[in-house]
Amino acid sequence: MKKLFTHENRMIVYNMKNVLAEEGFETVMMNEFIGGGVGDLPTFDTWLELWIEDENRFEQAQGILQQILQGGDREGWFCRGCQEQNDASFRICWNCGRSYE
Ligand SMILES: [Zn+2]
């Protein structure tokens, strides 16, 4: 197991997991059930982490994440739940977690 990605915004980590799952990567979430309550400041310790099962595919998975993080020239989409703009590579809204429709 190797740590692939972490971010203070859990929705972004969930999105990465979804994207990698679609690409056939086995990943595991760490700190999924830890974290402050509403109103608490998030700390680095409780950032959601995404780990990959198969270390041999680590670099391949990293490449996919990099593509997502850098965005592309594809058009994004606006969430129907909260109207936030999302990158085209996101399957769920980074802000409220609603899935792309
Ligand atoms: Zn939203």
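Just so you know, ligand 1 is whichever comes first in the structure, and atom 1 is the first atom listed for that ligand.
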Open item on the list: Closer than 2.8 Å to the Zn ion (ligand 1), what protein N/O/S atoms do you find?
Closed with: Cys79 SG, Cys82 SG, Cys93 SG, Cys96 SG
- [ ] Write out all pairs satisfying ring pair (Phe, Tyr, Trp, His ring centres under 6.0 Å) with one or both partners inside residues 81-101, taking only residues at least two apart or from two chains.
- [x] Trp77-Tyr100
TODO: State whether Glu32 and Arg10 are salt-bridged, where the test is any N-O pair (Lys NZ or Arg NE/NH1/NH2 against Asp/Glu carboxylate O) under 4.0 Å.
DONE: no
Open item on the list: Is it the case that atom CD in Glu59 sees more than 12 heavy atoms from other parts of the structure closer than 6.0 Å?
Closed with: no
Open item on the list: Could you check whether any side-chain N or O of Asn15 sits under 3.5 Å from a backbone N or O of Arg91, counting only pairs where one atom can act as donor and the other as acceptor?
Closed with: yes
Open item on the list: Taking Gly76's backbone N and O only, do any of them form a donor-acceptor pair with Asp87's side chain (distance below 3.5 Å, no angle check)?
Closed with: no
Open item on the list: If we check side-chain hydrogen bond (donor to acceptor under 3.5 Å, both in side chains) with Thr27, which of these qualifies: Arg57, Glu49, Lys17?
Closed with: Lys17
